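In what follows, a structure is listed as C-alpha cells, so that the remarks can point back to it.
Naming: A, B, ... by sequence-line order, numbering from 1 per chain. The structure displayed is predicted, hence computed values, not measured ones. What's counted below: heavy atoms across the whole structure, side chains too, no hydrogens, waters or symmetry copies.
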There are 2 protein chains.
Amino acid sequence: MELSIAEENYLKALFHLTIEQKNSKAGTNQLAEYLGVSPASANAMLKRLREKELVKYERYGKLELSASGSKIAIDMIRRHRLWESFLYTHLNFGWDEIHEVAEQLEHIHSAKLISQLESFLGFPEYDPHGDAIPKADGKYKPAIKKTLASMPLGSKVRIVAVKDSSVAFLRYLNSLGLMLSSEIELKERREFDQSIQIRYEGKEVNVSQKFAENVYVSG
Amino acid sequence: MELSIAEENYLKALFHLTIEQKNSKAGTNQLAEYLGVSPASANAMLKRLREKELVKYERYGKLELSASGSKIAIDMIRRHRLWESFLYTHLNFGWDEIHEVAEQLEHIHSAKLISQLESFLGFPEYDPHGDAIPKADGKYKPAIKKTLASMPLGSKVRIVAVKDSSVAFLRYLNSLGLMLSSEIELKERREFDQSIQIRYEGKEVNVSQKFAENVYVSG
DNA sequence: CTATAGTGTTAGCTTCGTCTAACTTTATAT
DNA sequence: ATATAAAGTTAGACGAAGCTAACACTATAG
Ligand SMILES: [Mn+2]
Ligand SMILES: [Mn+2]
Ligand SMILES: [Mn+2]
Ligand SMILES: [Mn+2]
C-alpha cells in the first residue's frame, strides 16, 4: 500500500498520542491540534485511514491504530531517529537542528537505504535525544528515564534525553551550554518554587521545576 | 517561494530537455512524455509555472526556463548528484540503484544539509555516473565526453559516464561486468552493423553501435 | 435532569495535480 | 495548395487534502 506523506504524518501523530504516551485515549480534536489542522480535516483523514484499515475508529469513538498502522508508524520513527543520528554524528548538526530535517528524510522508504544507513552508523540503539531507535523488525526497548526533577540533592547525573523536544527548549539547553551526556550535579532545591540549583562545567545555574521535569537523566 | 515536488520535477525536466541537451527546443508533448503525464497536465503546469515566472512560454510557443527557474533546477541537480555520490561511496549502493533514491532525496532543501554533505564527501566534482556536480553558486564544468563508438580501434579507454542512465541500461552494464572506470580495449569494428568487439578483464564481448554511443569514455 | 460547554461531524467550498475527450493550431507530405 | 498528421490547448471531471460555518452528539456542572 502506497501512502501519501500526509497519511504517514497522521499515523505517526496517532502513534505519539496513543501508544507512546500510553493509555491516553486521543480524540479528533487533539489529533487536529497536534498536527496543526482543523478538526474537520482530521475527521476526513480518519475516515480515509479507517477505509485502509490503518486506524480503528467509529463515529464519536476514541482513536486507535491498527496493528498495520502502528507498524508503519514505528518504521517512520526508526527512519526519523536513524537520520537524526546521522545528521548529528556526521554532518555537524546541532542537537536542536536535527529534528526538522529528519521530518523530511523519514518519508523516504527505500529499505536498502535505511538498513545501509543503520549499518554505516554502527547500529545505534539511541538517537541524539536519547530516544530508542526501533530495529527493522519493529522491536525496541523504551529507555527507563528519570527526570532531573526527581533526583535527590547531591547526586551527579548525566543528561540522556529530553521530554520536550521543541526547538525552543532545545535552543534553551544549548544556550545554557547543556547537551546530551552533559554531567550535572544537583546542589540545592528551593522549596518555594521547586527550582533547582545545578552545577556543571564549573558553572552554577538555577533552573525551574518545569525545566527539570523536561530533562531526563541517568545515574 | 515554496514549490511543490511536482513543480520542482517539471523544472528539472525542462532543464534536461532544453539547456542540458542544448539547442533542442522542447515542446509540451516532449515534456509530458518525459515526465509520464498527459499533455494536458503538462500544459496546466506550464501555465502555473509561467505565472510564477519560472518558465517563459506563450500559447503554441516553445518552452524555455527563466533565469530563476533554471537556478532552481541546477540546485536540484546539485542535491541529486551529491546524494548519488553519498549512496555510492558510503552506503554500498550500486551504480544502477542510486538514481531512484536520489530522486526523492533531491527534494529536501535544507542548505546546511547539502553544504555539510558536500563537505563530508570531500567536495566531489563528479557523481558516480561521471556527471558534473554544480557548486552552491550554480557553477559547474560540463565534462567533455567522447562516446565509446567514436574511439579508434586499438585504443584503451576508461568508462567515465553513461549517456542513457535508465535503470535498464545500467543493469545491462552491470550484467556485463562493466562499471564506472572500467578499462576497455577496442578490438574490432564490424562495418556491417557498426558493432564493436571490446576486451576487458580478459573477456571479449561484442556490443552494438547503440550501446557504444551510450557509453562515455576518456583516454 | 437539564443547560451548557466541549467535542466531533457534516456540508460545501478551494487548490493542486492529474485524467480523457474534443477541439484548434501548426507542420508536413503529396 | 491542400489534406492529413502531429502538436498543443481547452473543457470538464476527479481524488487528495485542506478550510469555514453550521450542526449534532457527549459530558459535565448545577
Ligand atoms: Mn525528532
Ligand atoms: Mn514527519
Ligand atoms: Mn541520477
Ligand atoms: Mn525528482
Whole-Å gap separating C1' (dG17(C)) and CG (L31(B)) = 14 Å

Does F120(A) reach the side chain of N92(B), with side-chain heavy atoms less than 4.5 Å apart?
-> no

Considering only side-chain heavy atoms of A6(A), which listed nucleotide, dG8(C), dT18(C), dG18(D), is closest?
-> dG18(D)

Choosing from dG17(C), dT10(D), dC19(C), which nucleotide comes nearest the side chain of N43(B)?
-> dT10(D)

Per nearest nucleotide of DNA chain D, the residue lying toward the 5' end, Y10(A) or Y60(A), is Y10(A)

Is the shortest side-chain N/O distance from R59(B) to OP1 or OP2 of dT26(C) below 4.0 Å?
-> no

Base, sugar-phosphate, or nothing: which does A40(A) touch, judged by heavy atoms less than 4.0 Å apart?
-> base

Between dT18(C) (P) and I5(B) (CD1): distance, integer Å | 11 Å

Once you round it to whole Å, what is the distance between C1' of dT18(C) and CG of L35(B)?
-> 13 Å

Starting from C1' on dA27(C), measure out to CD on Q30(B) and report it in whole angstrom.
-> 14 Å

Phosphate-side-chain proximity, K47(A) and dT9(C), N/O vs OP1/OP2 below 4.0 Å = no

For the side chain of T28(A), counting heavy atoms from C-beta on, which of dT18(C), dG8(C), dT9(D) is nearest?
-> dG8(C)

Taking only the side-chain heavy atoms of S41(A) (C-beta and beyond), determine which of dT20(D), dC19(C), dG18(D) contains the nearest atom.
-> dG18(D)

Measure the distance from CD on E8(A) to P on dA16(D) and round it to the nearest whole Å.
-> 16 Å

May I have the distance from K25(B) (atom NZ) to dA7(D) (atom C1'), rounded to whole angstrom?
-> 12 Å

Take the protein atom CD of E33(A) and the nucleotide atom C1' of dG8(C), then report the distance between them rounded to whole Å.
-> 15 Å

Which nucleotide in the list dG18(D), dG8(D), dG17(C) gets nearest to the side chain of K62(B)?
-> dG8(D)

Using a cut-off of 6.0 Å, state whether more than 12 heavy atoms not belonging to K210(B) lie near its atom NZ.
-> no

Result of checking E8(B), E7(B), E2(B) against K52(B) for salt bridge (Lys or Arg N to Asp or Glu O under 4.0 Å) | E7(B)

Tell me what S38(B) touches on the nucleic acid: a base, only sugar-phosphate, or nothing, going by heavy atoms under 4.0 Å.
-> base

With no hydrogens and no angle check, do the side chains of Y57(B) and N43(B) hold a donor and an acceptor under 3.5 Å apart?
-> yes

Please state how far atom CE in M45(A) lies from atom P in dG18(D), giving the value in whole angstrom units.
-> 5 Å

R48(B) side chain N/O closer than 4.0 Å to the phosphate oxygens (OP1, OP2) of dG17(C)?
-> yes

Kindly indicate whether the side chain of W95(A), heavy atoms from C-beta on, has any atom under 4.5 Å from the side chain of H129(A).
-> yes

